[in-house]
Amino acid sequence: MGDHIDGLSIAFPATSGYLTVSRLNAAAVGAAAGFDVDEIDDFRLAVNEAVSWLVADADAGGTVELVMHAADGRVRLDGFRRTPSLPERDSDDLIEAILGATVDEFELKGRANGERRVHLGKRCAAKNGG
């Protein structure tokens, strides 16, 4: 495709009203990586689920920060939310099932120290012989 994004960083209040922002940026990063329409849709869905997991417990406040990278037919997202009043959060079976079906790697960490982290990685099938 010719587009190359070394990194894209966004930050927004930890509320579900900003999910659209994360999905739009995910689509742009996926397109820059050379993903086809289905791969872009999968990555957008994965980002939506991961960010939904981050923003749960909105009354705890805080900010979500996402960093997305696209290069050589791969995308990566690392996100986090920190706030002192953020409760620990266990993984969610439905979200994990969706992530398992839409990306090649993922991790959700809901730590007791007021921090949540997510990691997603996806490869373009066309660039990896798929």
Side-chain angles (χ1 to χ4, degrees):
M1 171 164 206
D3 291 338
H4 179 82
I5 296 175
D6 289 326
L8 172 71
S9 299
I10 57 174
F12 50 88
T15 65
S16 62
Y18 289 93
L19 287 172
T20 301
V21 170
S22 60
R23 287 192 305 265
L24 290 171
N25 282 281
V29 170
F35 284 9
D36 65 24
V37 173
D38 290 334
E39 291 168 325
I40 290 171
D41 283 345
D42 282 350
F43 187 59
R44 280 190 324 169
L45 177 57
V47 169
N48 186 76
E49 294 302 315
V51 174
S52 292
W53 186 82
L54 283 174
V55 302
D57 305 305
D59 56 331
T63 300
V64 170
E65 295 185 40
L66 304 177
V67 178
M68 297 184 215
H69 294 273
D72 302 322
R74 295 179 56 88
V75 294
R76 187 178 79 234
L77 173 135
D78 291 293
F80 67 91
R81 175 182 174 196
R82 285 187 200 116
T83 184
S85 60
L86 189 62
E88 185 172 356
R89 180 142 198 245
D90 292 328
S91 61
D92 179 295
D93 290 342
L94 178 57
I95 290 174
E96 287 191 359
I98 292 168
L99 295 177
T102 55
V103 294
D104 299 311
E105 60 190 58
F106 70 90
E107 186 173 34
L108 305 173
K109 289 184 178 178
R111 299 180 178 158
N113 63 354
E115 178 180 273
R116 289 186 189 153
R117 290 190 171 273
V118 297
H119 167 78
L120 306 175
K122 184 168 180 64
R123 291 179 298 278
C124 178
K127 294 192 178 191
N128 289 290

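Values reported hereafter were calculated over all heavy atoms of this structure, with side chains retained and with hydrogens, waters and symmetry mates removed.
Residues A26 and V47 share a closest heavy-atom pair of CB-CG2, 3.7 Å. Between P87 and A60, the shortest heavy-atom distance links the atoms CD-CB, 4.3 Å. For the pair L19 and S52, the tightest heavy-atom approach, listed with the atom from each and the gap, is CD1-OG, 3.6 Å. For the pair V103 and A46, the tightest heavy-atom approach, listed with the atom from each and the gap, is CG1-CB, 3.4 Å. Between A33 and V75, the shortest heavy-atom distance links the atoms CB-CG1, 3.5 Å. Of all non-hydrogen atoms in S9 and V67, the two that sit nearest each other are OG-CG2, 3.7 Å.
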Let me see the working for R111 and R117 under side-chain contact (heavy atoms from CB on, under 4.5 Å), right down to the final yes or no. CA-CA 8 Å; R111 299 180 178 158; R117 290 190 171 273; 3.8 Å; yes

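Here the side chains of V118 and L54 are in contact, with some heavy-atom distance below 4.5 Å. In this structure, L99 and L108 have side chains that are in contact, with non-hydrogen atoms separated by less than 4.5 Å. No side-chain heavy atom of F80 sits less than 4.5 Å from a side-chain heavy atom of K109. At least one side-chain heavy atom of S22 sits under 4.5 Å from a side-chain heavy atom of L66.
Screening residues 38-48 for salt bridge (Lys or Arg N to Asp or Glu O under 4.0 Å), with sequence neighbours left out, gives D41-R44. Within the structure, ring-ring contact (aromatic ring centres under 6.0 Å, His included) contacts touching residues 35-68 (residues at least two apart or in different chains) do not occur. Applying the salt bridge (Lys or Arg N to Asp or Glu O under 4.0 Å) definition to pairs two or more places apart or across chains, those involving residues 76-86 are R76-D78, R82-E115. The side-chain hydrogen bond (donor to acceptor under 3.5 Å, both in side chains) contacts involving residues 97-107 comprise E105-H119, where partners must be two or more places apart or lie in separate chains.
The environment of CG in D93 is sparse: at most 12 heavy-atom neighbours from other residues, nucleotides or ligands sit within 6.0 Å.
Scanning for side chain to side chain donor-acceptor pair (under 3.5 Å) contacts around N48 gives R23, with sequence neighbours left out. Annotation: side chain to side chain contact (heavy atoms under 4.5 Å, CB included) contacts of T63 (sequence neighbours excluded): A11, E65. Under the rule for a ring pair (Phe, Tyr, Trp, His ring centres under 6.0 Å), the partners of Y18 that lie at least two apart in sequence or sit in another chain are F12. In this structure, the salt bridge (Lys or Arg N to Asp or Glu O under 4.0 Å) partners of R116, at least two apart in sequence or on a different chain, are D57.
Following chains of ILVMFWY side-chain contacts shorter than 4.5 Å, one cannot reach L86 starting from I95, and the two form parts of different hydrophobic clusters.
L94 forms part of a hydrophobic cluster together with L45, I98, judged by ILVMFWY side-chain heavy-atom separations under 4.5 Å.
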